[in-house]
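Okay, structure first, notes after.
Quick note: residue numbers are just sequence positions, from 1.
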Amino acid sequence: MATEATQHMKAQSLKPQRLGTQDSSDVAIIGAGPSGAAAAAWLAKRGLDVRVIERSRFPRFSIGESLLPQCMVHLEACGLLDAAKAGGFQIKNGAAFTWRDRYAAIDFRDKFTPGPGTTWQVERADFDQRLIEGARQLGAKVEFDTRVEAFVADPERPSLTLVDANGEQRSLHARFVLDASGYGRVLARLTGLARPSTLESRCALFTHIEDRIDCSRYDREKILIGLHPEHPGIWYWLIPFKNGRASVGVVGDRATLEAAGVNDDERLWHFIRAEPMLAELLVNASATRDIGRLEGYSADVEQLHGPGFALLGNAGEFLDPVFSSGVTIALDSALRAAPLVERQLAGEHIDWDSQFEQPLRRGVATFREFVDAWYDGRLPRIIFNDQQIPRIRTMISSVLAGYAWDEENPFVAASRRRLNSLAEACTDMPRHSAGKDE
């Protein structure tokens, strides 16, 4: 496992490299998304020379537009909250769920864990641009249109081989490297740390729309998550933005989605029309961009760190979009790693396994338990049960609001056992929604 990855890193370091120029910095960060911007802002504020390398040119489209309130804590901690606030994004205070004729809502302001209870629904192109610009204003240097072609791991002086938009190659030496490359998973690939996720492979079809929703019952301050009335395992999101726009998508196994039409446009709208509430809300909607497809997105790695580097957010592990945990995990990883990088560069010994990886993975494991409970039907039975004890509801609300590291919460400390017991007690929901045939 880790031994094979270490051997692969050594093999990488033996490859001959012919480079045009060489450069150096204290910290190199691969990727200018939320985790990269947060880490860059935190470190630059403390006087470190930070270089962010981004293969795209911003602003650029990205999926994952519904944030969780825990994000607000991290944005404030890294100094980017004001930059994000300036976007005037749609307020989000919870999540609503629909299945056939049932509707349930969870208000994140009514939760077990202290902290913010509201956040935003954001168009990521704008949100990500504001974060990385905020990091730049705090002193981080950012290079767009530049890709990482090779990496040499080293506990004191790791190095990257970079190629810019003109095809010119150069070397960047750093004292530490953070990989915030998201789905690109640059260092996981280059170091041999990537491994398949144990989650079932799924496919998402999505687009942005002018929603033209004219319904007084619709709450724009909550993400709407729908369950297909007949197909267990297929679910929807509707994320409202400001100015009457929204993100909408459907997630399921590829075969079922493929069978619903001759192209992704036809497939997405077929499924939207099949869900009663979405069909009503979006009867006048029109797409503002081509239908996107994302599949095989769940991923994992052998470990989240190595000699002179660490992996942040989706560059390490990505679960599933159902509870919008991606940006939360990304920001949490950045705000765990950045202080450790500062301390290590100051000469302190850092145990990256016990001080970074293990604590981070505990929260990810909590989200994983909730994802598993969603797909096997335990969580829908809990959510749609109208006899739930209010205090238990606040504990579930806390996890869904992103506070997945709060060990004081019984649904964090013992997620699986608590979810099992509660689902067993919720007997009034037909088991078809739990992924079983009636």
- Message: With rounding to the nearest 0.5 angstrom, report the CZ to OG distance, F411 to S397.
- Response: 12.0 Å
- Query: Cationic tip of R46 within the cone over W42's six-membered ring, i.e. under 6.0 Å and within 45° of the normal?
  - Reply: yes
- V412 and V399 have their tightest heavy-atom pair at CG2-CG2, 3.8 Å
- Go through the steps for S286 and R212 under the test side-chain hydrogen bond (donor to acceptor under 3.5 Å, both in side chains), then give the verdict. CA-CA 8 Å; S286 61; R212 301 189 180 94; 2.7 Å; yes
- Query: Is the gap between the ring centers of F58 and F144 under 6.0 Å?
  - Reply: yes
- Item | Check against salt bridge (Lys or Arg N to Asp or Glu O under 4.0 Å), R130 and E133 | CA-CA 5 Å; R130 290 178 183 278; E133 184 58 34; over 6 Å; no
- Query: Hey, are the side chains of D164 and D145 touching, using non-hydrogen atoms and a 4.5 Å cut-off?
  - Reply: no
- Can you check whether R55's main-chain N or O pairs, donor with acceptor, with R147's side chain at less than 3.5 Å? no
- Query: Are R202 and Y375 in a cation-pi setup, meaning NZ or CZ lies under 6.0 angstrom from the ring centre and within 45 degrees of the ring axis?
  - Reply: yes
- Is there side-chain contact between L224 and L281, with heavy atoms separated by less than 4.5 Å? yes
- For A135 and A40 the tightest heavy-atom approach is CB-CB, 4.2 Å
- Note on the structure: Nearest heavy-atom contact between A337 and L312 is CB-CD2, 3.7 Å
- Message: Looking at N263 and D265, would you say the former's side chain and the latter's main chain have a donor-acceptor pair under 3.5 Å?
- Response: yes
- Item | Aromatic plane relationship, F356 with W352 - under 30° parallel, 30 to 60° tilted, over 60° perpendicular | perpendicular
- Task: Could you check S66, S62, P34 and say which one makes a side chain to side chain contact (heavy atoms under 4.5 Å, CB included) with V327?
- Result: P34
- Any ion pair linking R336 and E357 (charged N to carboxylate O, less than 4.0 Å)? no
- Note on the structure: All heavy atoms of A38 vs all of L335, minimum pair found to be CB-CD2, 3.9 Å
- Please answer whether the main-chain N or O of L278 pairs with a side-chain N or O of E275 as donor and acceptor at a distance below 3.5 Å. yes
- Query: Within the side chain of N385, is there an N or O that forms a donor-acceptor pair under 3.5 Å with the backbone of C426?
  - Reply: no
- For the pair T288 (side chain) and H208 (backbone), establish whether a donor and an acceptor sit closer than 3.5 Å, ignoring hydrogens and angles. yes
- Task: Please report the closest heavy-atom contact between V73 and P116, naming both atoms and the distance.
- Result: CG2-CD, 3.5 Å
- R124 and I63, any side-chain heavy atoms less than 4.5 Å apart: no
- Task: Side-chain contact test, heavy atoms from C-beta onward, threshold under 4.5 Å: evaluate it for W120 versus I91 and give yes or no.
- Result: yes
- Kindly assign one of parallel, tilted or perpendicular to the pair F97 and W374, based on the angle between their ring planes and the thresholds 30° and 60°. tilted
- Task: Might you point out which heavy atoms bring N409 and M395 nearest each other, and give the distance in Å?
- Result: ND2-O, 2.9 Å
- Task: Kindly state whether the ring of F309 and the ring of F151 have centres lying under 6.0 angstrom apart.
- Result: yes
- N/O donor-acceptor pair under 3.5 Å between R51 side chain and I29 backbone: no
- Task: Would you check if the side chain of S333 reaches a backbone N or O of G313 as a donor-acceptor pair within less than 3.5 Å?
- Result: yes
- Task: May I have the step-by-step check of salt bridge (Lys or Arg N to Asp or Glu O under 4.0 Å) for D128 and R60, ending in yes or no?
- Result: CA-CA 8 Å; D128 291 7; R60 55 90 175 94; 2.8 Å; yes
- Message: Side chains of Q70 and W405: any donor to acceptor distance under 3.5 Å?
- Response: no
- Message: Using 0.5 Å steps for rounding, measure from the CG atom of D372 to the CG atom of L419.
- Response: 10.0 Å
- Could you tell me whether the side chain of E149 and the main chain of V163 form a donor-acceptor pair under 3.5 Å? no
- Message: Show, in sequence, the C-alpha distance, side-chain angles and deciding distance for Q358 and R362, and conclude whether the side-chain contact (heavy atoms from CB on, under 4.5 Å) test is met.
- Response: CA-CA 6 Å; Q358 290 181 31; R362 281 197 288 271; 4.1 Å; yes
- Is I223 close to S324 at the side-chain level, that is, under 4.5 Å between some pair of heavy atoms? yes
- Query: Given side chains that start at C-beta, do those of E65 and Q121 come closer than 4.5 Å, heavy atoms only?
  - Reply: no
- Message: Show, in sequence, the C-alpha distance, side-chain angles and deciding distance for R100 and E230, and conclude whether the side-chain contact (heavy atoms from CB on, under 4.5 Å) test is met.
- Response: CA-CA 9 Å; R100 295 185 179 176; E230 303 299 335; 3.7 Å; yes
- In terms of the angle between their ring planes, are H228 and Y236 parallel, tilted or perpendicular, with boundaries placed at 30° and 60°? parallel
- Query: Is a donor on one side and an acceptor on the other found under 3.5 Å between the side chain of K111 and the backbone of G117?
  - Reply: no
- Item | Validation row: F112, R391 side chains within 4.5 angstrom (heavy atoms) | yes
- Query: Is any side-chain N of the basic residue among R217 and E280 closer than 4.0 Å to the acidic one's carboxylate O?
  - Reply: yes
- Would you give the length of the straight line joining atom CG of L68 to atom OG1 of T118, rounded to the nearest 0.5 angstrom? 12.0 Å
- From CA spacing to verdict: side-chain contact (heavy atoms from CB on, under 4.5 Å), E369, R418: CA-CA 10 Å; E369 291 294 344; R418 294 283 182 172; over 6 Å; no
- Message: One pair to check against side-chain contact (heavy atoms from CB on, under 4.5 Å): T113 and E408. What are the steps and the verdict?
- Response: CA-CA 8 Å; T113 305; E408 298 297 316; over 6 Å; no
- Item | R381 CZ to W99 CH2 distance, which is reported to the nearest 0.5 Å | 11.0 Å
- Any chance you could measure L75, atom CG, to L67, atom CG, to the nearest 0.5 Å? 7.5 Å
- Query: Are any of the side-chain heavy atoms of Y183 and L294 separated by less than 4.5 Å?
  - Reply: yes
- Is the backbone N or O of I383 less than 3.5 Å from a side-chain atom of R393, with the two atoms forming a donor-acceptor pair by type? yes
